[in-house]
Every structure is written in C-alpha cells, then in structure tokens.
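Please read the structure below before turning to the comments.
Proteins come first, then strands; the chains are lettered A, B, ... in the order of their sequence lines, and each starts at number 1.
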Protein chains: 2
Amino acid sequence: MLKEERHQVILNEVRIHNKVLLADIAEILKVSPDTVRRDIKELHDDNKLKRVHGGAISLGFNHYSYVNREIYSLEKKSQIAEKAVSLLKDGQVVLLSGGTTNLEISRLIPPHLKITCFTPSLPIAVQLLPKPNIDIIFIGGKINKDSQITIGGSPIGVLSELKADICFLGVNSIHPTDGVTEFDWEIVQVKKAMIKASKKVVVPSISEKINSGQRYKICDIDAVDYLITELDANNPVLKPYGKKIDLI
Amino acid sequence: MLKEERHQVILNEVRIHNKVLLADIAEILKVSPDTVRRDIKELHDDNKLKRVHGGAISLGFNHYSYVNREIYSLEKKSQIAEKAVSLLKDGQVVLLSGGTTNLEISRLIPPHLKITCFTPSLPIAVQLLPKPNIDIIFIGGKINKDSQITIGGSPIGVLSELKADICFLGVNSIHPTDGVTEFDWEIVQVKKAMIKASKKVVVPSISEKINSGQRYKICDIDAVDYLITELDANNPVLKPYGKKIDLI
DNA sequence: ACAAATATTGCATAAACTTGCAATATTTGC
DNA sequence: GCAAATATTGCAAGTTTATGCAATATTTGT
C-alpha cells in the first residue's frame, strides 16, 4: 500500500462524509493508527483537510466560517462600517452586496432605524433578521458557495426592476484609473446590476484594497459616489480619488 | 463523534434558531450535558457565540440575554427526516418549504448526494451551504421574520416557472377531510404555488399535527402523495389517510 | 423564598497523542 | 549494482485530552 494511495482513500472519505475517524481509516487500510496519524498530519500541512483530535474534518465543512477569515482587519472594518451606517436614514431603500465589510455594516445598523434592505447575501440576510424595524428583501437565485451571494440571471433580473436610494458595494479592488475590479466574472455581473439599480453608490473598503486591481472591471471611479476607508479623508493615499469621489 | 463536529452542529443551531438549549444539544448529539457545556465554553472563548445560562445565543442577539424555553420534539422530527431523506436520489430537483422538520431534513441530507434544492427558507439555505454537492437556489422575496421564509408575489412568480421532482411541504395541520391547513394567509399562497411546482408532494409531519385544522386551506388530501410521520405506517391514527396517500 | 434547573469543581478512566527508537523499505550517488 | 542515505512503518512509554459522574453551589421561574 503506497502512501499516496492511503492519502487518496482518506481524502475520499473526507469528501464523502466531511470527516474521518483515525481509527476507522486504520481499520480499513490495515495499517497502524500511527501511520494514519502521520498521513493526516501531512494532508493537514498540505491544506487538504483539517486535522482534529480523533481524526480529520473537511476544510469546507463550515463554509460560514468565512466570517472568521481576515479577522485581523476586523477593527478597520468596524471603523468603516460605523462611518457607513451614519449615511443611513429612516425610510431609505438600501442595497447591500456581499462581503465581510458589508456584513459588518449590517451588524452595526441600529435596530431603531426603519429601512428596507435588498441583498443577495445569505450571511447579511441572517445578520439583519433579528432587527425588527428592517424589512429584508432577499434577491434570490443560485447561491455561489464561496461568496455566499446569489449570482446569475435571476438576481440581475430582480435588480433591473429596482431603484434603491443607496448601495453599499463591497469590492475586491479599486484603482484611480482602472476603476473598481473583481476576480469573479459572475459576481461582476451582479455588482454592475447593483450600481444601475441605485441612486447613490458607496464603496466601503479597507485601505489595502485601494490602488489594487483585478481581472474584471465593475465600473469606473466616476460611478462611485462615496468611498469610505478607515483612513482620514485627507490622507495622501486617497488624493487620486478626491476629485471624483466624496471621501468619508 | 469528533469535537469539531459537535462545534459545527452547535454553531449551526445557533445560526438558525439564534439560540440553543444545552439540554437539546446533549440530546441531539447523544453526549452528556457536561460535554456540551465545555463545547459551548470553548466556542464562547473563540467568540463564536455567547454562552448564557441554559445554553447559548447568537452573538447578534446580545440584547436578549436569555434563552426561551421552547419545547420542540426534535427526536420525532429526526425520525421523520430520516425517512424523508431516503426518498432522495441523485440528480433530483427538490423543493423545500420552511419549518423545523424540513430544516431537520436538510440537515440530514447526505453530503455526497448530488441534488438541486430550491427553497424560500433562510435557515434551510444556510443549513445546506456546507454540503458541497448540493446546488442551492434561493427563492427570493420579502422575508417574513417569524417563519424566516420569503413570501409574496416574488417567490410565487419564481415557483410558477418551476417543475421540481419532489416537494417537502412543511405544514401546520392536516386533516382527513379538511385537508392541509395553515394559519398565515401569505404562507398559504406560497405553499399553494409550491404544490403546483412539483411532480410529487411529500408532507413530513409529527403526529400531533395529524387531524388538526387551521384557518386557511392549502390543499386537499388528494394533492399529497406521501405522508411521513414518526409513527408506523399501519398505526390506526393514520387509517383515514391510507386510502389516498402513501404512508411512510 | 423555594423548588427545580443549571453550573462548577474535582476526579476517574479511557482514548488519543507525542516522542524516540528500531526494523524494513526505498531512493540516491557513484 | 551496491552501499549509504533517507523514508516509512510499527511499537512502547509517558503525556495530554476528552468525557462522564458526583457532590456542591448558583441561577431561575413562579
């Protein structure tokens, strides 16, 4: 029995059951638990699965855990989110794209605010659920598991019939001349539709994303009305945007 | 059962119900309350949920620092869900209404099954998210906060363009002559549309709901193809249904 | 305020993990 | 092709972790 074979067996079990028990694998493969332990250790180091006491578990098992990624920039995101929330007023119709910054925004929306939120993001809808004064309209469609938002023709169709007061557009990258860009084509299509569906477009973005670029373009800088970062509005990094966008 | 699995289950329950009772988790997972207590303590320390007397609550729910006593017959629902899941086959298009029994069904869908699930239920979508082989189509619309499903014209419109293989219809009440009934008119409209949109209609229902009635009618008994309860198929309680419905 | 439910603490036991080591395989350099 | 170097595997001893139980304390609902 080659090591590679064992690895395949283990990964396969994980793929099917989302987990494996070390003892089970040892039994199936007729090798010592130590060997399996070492195999799992290797696969763990290769990021193929997650090693836990007693066995291993699929990496993707908790997709929702993307909330935990980038925990380091949570502080910045909270600062941004606080600024963003201050733009909201009673009675508005708000469009929220996906992303962790927008999730933070929806977390910070004060419970007394009476607004209507449209969103294609599952985590954001869940986040808004406990707030009694917020009407939530979920923009349906096929759910993209990575981003946990709906994509494709269906959400775009819904958006084409909507005119929201304000849109919080979570972005991957923003650049003074290249505009707003994203790496996933399907998501770009949805975000384009969101911009069309809103009177005002707000981009909340941590400063790391400023001046970077991705493969696909969502819109020019001109299409963005407000740029919110954790930085002070007259920070030199933001200089190139100042003429075209209101900085917050 | 790996500790990690238990953690995932607990977090999932918290996401869906916004709270968990320690005793329920112990029951579901077949472990001692002490273990669950330790699990919750760990998750609390990791800032994944908030530990409170009697269980845990979602972080987003901090204002309500209590846990409601809510008796839900989980054991029965699991039995029903297991029977329900056995009806599923690779390649099917499945329609899932809301409700805790359907939630339990979606929890038990084996991860290797390749199916497409349409649902207007937020908790069910979240529950299905980690399963890699399931395509999830969320039926969008305005979210009803009580039931956590979308209601109104929008979901009904989507359903009118769909023909699913099988529909799991969560119900409030079922009666041999009065048919399937519900207390919320808006939800009735959605469920009517779901029945039209499916080749086969399955009603998973705990036996308490059998022979009861509510204000609004969803459909006659004839429209239901299968009735799944926690009881044995030839239990006398089910006798009146036997002629018209397959009992499981 | 009291009874019932839940939490804490310490402890016991079993299972799982770590580490070092020795016996075999396998690969490498010449 | 062969010896040396390297990897792999199983084992054993000691350590850590996981889990349930029981006695006691705290919290909660009425």
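Using a 4.0 Å heavy-atom criterion, one finds that Val52(A) contacts the sugar-phosphate atoms exclusively.
Going from atom CG of Asp39(A) over to atom C1' of dT9(D) covers 10 Å, rounded to whole Å. What separates CD of Glu4(B) from P of dT17(D) is a distance of 16 Å, to the nearest Å. Between Arg37(B) atom CZ and dA7(C) atom P there is a gap of 4 Å when expressed in whole angstrom units. The CG-P distance, from Asp34(B) to dT13(C), rounds to 17 Å in whole Å. The distance between atom CZ of Arg51(B) and atom C1' of dT26(D), rounded to the nearest whole Å, is 12 Å. One can place NE2 of His53(A) at 15 Å from P of dA14(C), the figure rounded to the nearest angstrom. Whole-Å rounding puts the Leu22(A) CG to dT9(D) P distance at 14 Å. With rounding to whole Å, Lys30(A) atom NZ is found 23 Å from dT8(D) atom P.
With ring centers used as reference points, Phe138(A) lies under 6.0 Å from Phe138(B).
Side chains of Ser207(A) and Glu230(A): a donor-acceptor N/O pair is present below 3.5 angstrom, by distance only. When only modelled atom types and interatomic distance are considered, His175(B) and Thr177(B) share a side-chain donor-acceptor pair under 3.5 Å.
Distances shorter than 4.0 Å separate some side-chain N or O of Lys41(A) from OP1 or OP2 on dT18(C). Between Arg6(B) and the phosphate of dT19(D), there is a side-chain N or O to OP1/OP2 separation shorter than 4.0 Å.
Paired with Ser32(A) under the rule side chain to side chain contact (heavy atoms under 4.5 Å, CB included), one option of Thr35(A), Leu29(A), Val36(A) passes, and it is Thr35(A).
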